[in-house]
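Because the structure is a prediction, the values reported are computed rather than measured. Note that the numbering runs from 1 along the sequence shown for the chain. In listed order, ligands and their atoms are each counted from 1.
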Amino acid sequence: MKLCGSYIITGGNRLEGESYVSGSKNASLPILAATVLNNGITKLYNVPNIHDTKVMIEILRNLGCKVKRVRDKIVVDARGIKKHEIPEELMRKMRSSVILAGALIGRLKKATFSCPGGCDIGARPIDLHLKAFENLGINISKNTGYIHCTCDTIIGEKIHLDFPSVGATENAMLASVLGKGTTVISNAAMEPEIVDLQNFLNKMGAKITGAGTNEITIQGVQKLKDIGYQVMPDRIEAGTLLCAVATTGGNITLKKVNPEHLTPVLEKLKECGCKIQEEKETVILEAPKKLKAVDIKTMPYPGFPTDMQAILVSILCTAKGTSIVTENIFENRYKYTNELKRMGAKITIEGRTAIVKGVRKLTKGVVEAADLRGGAALVLASLTANGKTKVKNIEYILRGYENLDEKLNSLGAKITKEVE
Ligand code: EPZ
C-alpha cells in the first residue's frame with residue numbers, strides 16, 4: 001500500500017446535521033469470501049467501496065471468479081473458479097483474506113495461502129483457524145511460509161474455540177457449509193457480522209443456526225443457489241461518526257444504522273453525557289459542551305468492541321476527568337497514543353491499560369496513522385484541536401471507511417485531502 005496521502009483538518013467546528021452509515025467492512029469480507037461456495041452467480045448490495053473490499057475482489061478474480069461492481073451492487077460469478085492458492089502479495093495486502101481458506105476448502109476441498117503476517121495491532125496468529133480445520137478432518141502442511149490445506153470430504157465435527165475468535169468462527173462455518181454431517185462450534189464469536197454471514201449463507205440454502213450465541217450448528221448441504229443479499233450497516237463506522245460529533249459538542253441524526261449493534265458504544269456515550277434517541281434504523285445524538293471521563297474494558301461482543309477503543313480514547317483526551325481504558329483483545333493496540341501525545345494528550349500506558357487524563361484542548365500538529373482505527377482516532381482528535389492538523393498515511397483509514405472526510409465535511413468539519 002503506497003503511503004502518501006494526508007488529511008489537512010482545521011479543528012474547532014461543532015459538527016451537526018444528518019449523515020448515514022455505509023455497509024459493514026467486517027461483514028462484507030467473509031460474505032464476499034463465501035460467494036466462492038456457490039457454483040453460480042451471487043449479487044451483493046451495500047458492500048462499501050473501500051481498499052479492503054477492493055483487495056478481496058482482486059483475490060476472487062485472481063482465483064478465477066468474474067466480479068463486477070455496478071454502483072453499490074457487486075456480482076460474483078464463481079462458476080469459473082480454478083485456483084485454490086491465494087497469492088502471497090495479495091495475502092500481504094490484507095491479512096483477513098485468510099477467511100477465503102474456509103470457503104476454498106468448502107468448495108474445492110483444498111486451499112493454499114501464506115501465513116498472514118502480523119500487523120499493526122498485534123501478532124494476529126491463526127492457530128484457532130487451523131485447529132478448527134483439523135477438527136473437520138482437513139490435512140494441514142506448512143512449508144516455506146505457505147500453508148496447504150487438503151481433504152477428501154469435510155466431516156461435520158464438534159469444534160471448541162479456546163477464544164471466541166471472529167475469523168476462526170467464520171472460517172469454521174464456511175468450511176462446514178458443504179460438508180457431510182453436522183458441525184457444532186462452541187465458544188463461538190457472537191459478533192453481528194457472524195449473524196450476517198449466517199443469514200447470507202442460509203439465504204443461499206445453507207442450514208445454520210445459533211449465530212449470535214456462543215454455539216453455532218451447521219448442517220452440511222449438497223448445493224447452494226443464486227441469490228441477492230444486502231450487507232448489514234457498519235457498526236464501527238457508525239460509532240466513529242457518533243464520536244466525531246460527540247467530541248465537538250454537536251448533534252447528529254445518523255441514518256441506515258442498526259442501533260442494536262451499537263448498545264455497548266451508545267451506553268458509553270450516554271455515560272459521557274450525550275443524549276441519545278434510538279429509532280428503527282436511526283440514532284439521534286446530542287452532545288454536551290464537554291464530555292465526561294468514563295472507564296472502558298474491551299471485550300468480545302456483546303462487550304465494548306476493541307475496534308472502538310482508539311476512537312473512544314481520542315475523544316476522552318479532552319473529556320472532564322481521567323478515564324481508564326483496558327484493551328483485552330489485542331496485545332498491541334495503543335501505538336496511536338504516541339501520536340495523540342504529540343497533540344498534547346495526557347495518556348499513560350501500563351500494559352493493557354491506558355490512563356487518559358482529560359486536557360482542555362489538544363494542539364494542532366503533524367501526526368501519522370499506523371493502523372485503521374488508530375488513524376480514525378487521529379482524525380477525531382484533530383476535529384477539536386485549534387488550527388490545522390495534518391494526518392499522514394491516510395491509506396490506513398481508507399482501508400475501512402468509505403468517504404469519511406466527505407461525511408464529516410457534510411456535518412461541518414473542514415477536511416481536505418493532500419497527496420504527496
Ligand atoms: C476481526 O478480526 C475483525 N476483522 C477485527 O476488526 C476485530 O478487531 C476483531 O475481529 C475482533 O472483534 C474482520 O472482521 C475483518 P479475532 P479477527 O480472530 O477475526 C487472537 C478492524 O479494525 N487470535 O477475533 O482477526 C487474536 O490475535 C479489524 O476492522 C488467536 O490467538 O479477530 C486477537 O488477539 C481489526 N488465534 C484475538 O484472538 C487465532 O487463530 C481476537 O482475534 C485467531 C485469533
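For atom 34 (O) of ligand 1, the nearest protein heavy atom (residue, atom name, distance) is Ile329 O, 2.6 Å. From the protein, the heavy atom lying nearest to atom 19 (O) of ligand 1 is Gly167 N, 2.8 Å. With respect to atom 36 (N) of ligand 1, the closest heavy atom belonging to the protein is Asp127 OD1, 2.7 Å. With hydrogens left out, the protein atom closest to atom 25 (O) of ligand 1 is Arg124 NH2, 3.1 Å, a heavy atom. The protein atom (non-hydrogen) at minimum distance from atom 5 (C) of ligand 1 is Asp307 OD2, 3.8 Å. Closest to atom 22 (O) of ligand 1, if we only count protein heavy atoms, is Arg373 NE, 2.9 Å. For atom 32 (O) of ligand 1, the nearest non-hydrogen atom of the protein is Phe330 CZ, 4.1 Å. Counting protein heavy atoms only, atom 39 (C) of ligand 1 is closest to Pro125 O, 3.1 Å.
Of all the atoms in ligand 1, the ones that sit under 4.0 Å from a non-hydrogen atom of Ile126 are 39 (C), 40 (O). Shown in contact with Phe163 at under 4.0 Å from a heavy atom are these atoms of ligand 1, numbered in order with element: 37 (C), 38 (O), 41 (C). Heavy-atom contacts of Arg333 reach the following atoms of ligand 1: 8 (O), 22 (O), 35 (C) (cutoff under 4.0 Å).
Between Leu372 and ligand 1, no N or O atom pair is found at a separation short of 3.5 Å. Residue-to-ligand polar distances place Leu128 within reach of ligand 1: an N/O pair is separated by less than 3.5 Å. Below 3.5 Å of separation, one finds no N or O of Thr306 facing any N or O of ligand 1. Distances between N or O atoms of Asn26 and those of ligand 1 include at least one value under 3.5 Å. Close N/O approach between Glu170 and ligand 1 is not found [any backbone or side-chain N/O within under 3.5 Å].
Side chains of Tyr401 and Arg373: a donor on one and an acceptor on the other come within 3.5 Å. Side-chain contact annotation: Ser24 with Arg235, donor-acceptor N/O pair under 3.5 Å absent. No side-chain N or O of Asn46 forms a donor-acceptor pair with one of Tyr229 less than 3.5 Å apart. Under the 3.5 Å distance criterion, with hydrogens and angles disregarded, no donor-acceptor pair is assigned to the side chains of Arg352 and Asn328. Between the side chains of Asp162 and Asn187, no donor-acceptor pair is found at a separation under 3.5 Å. Remark: the Glu157 side chain and the Thr183 side chain contain no N/O donor-acceptor pair separated by less than 3.5 Å.
Within the 4.0 Å heavy-atom criterion, neither part of Glu193 lies near ligand 1. The proximity of Tyr301 to ligand 1, defined as any non-hydrogen pair under 4.0 Å, does not occur for either the backbone or the side chain. When heavy-atom distances to ligand 1 are checked against a 4.0 Å cut-off, Ser96 comes that close only through its side chain, counted from C-beta outward. Within the 4.0 Å heavy-atom criterion, neither part of Ile236 lies near ligand 1.
By the 4.0 Å heavy-atom criterion, Arg95 is counted among the residues contacting ligand 1. Contact annotation: Glu237 has no heavy atom less than 4.0 Å from any atom of ligand 1.
Asp295 approaches Thr322 most closely through the heavy-atom pair OD1-O, 4.3 Å. Annotation for Ala246 and Leu269: closest pair CB-CD2, 4.2 Å, computed over non-hydrogen atoms. In this structure, Leu60 and Leu32 approach most closely via the heavy-atom pair CD1-O, 3.8 Å.
Judged as a side chain to side chain donor-acceptor pair (under 3.5 Å), and not counting sequence neighbours, the contacts of Glu402 are Ser22.
Of the charged side-chain nitrogens involved, at least one lies within less than 4.0 Å of a carboxylate oxygen, so that Arg92 and Glu88 count as a salt-bridged pair. Comment: Arg61 does not engage Glu58 in a salt bridge, judged by the lack of any side-chain N to carboxylate O separation of less than 4.0 angstrom.
Note that Lys407 lies in the cation-pi zone of Tyr20, set by a 6.0 Å cut-off to the ring centre and a 45° limit from the axis.
Within a 4.0 Å radius of atom 43 (C) of ligand 1, the protein has at least one heavy atom.
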Query raised in the report: So Thr353 and Ile324, side-chain contact (heavy atoms from CB on, under 4.5 Å) or not? Walk me through it.
Result: CA-CA 7 Å; Thr353 299; Ile324 311 285; 3.6 Å; yes
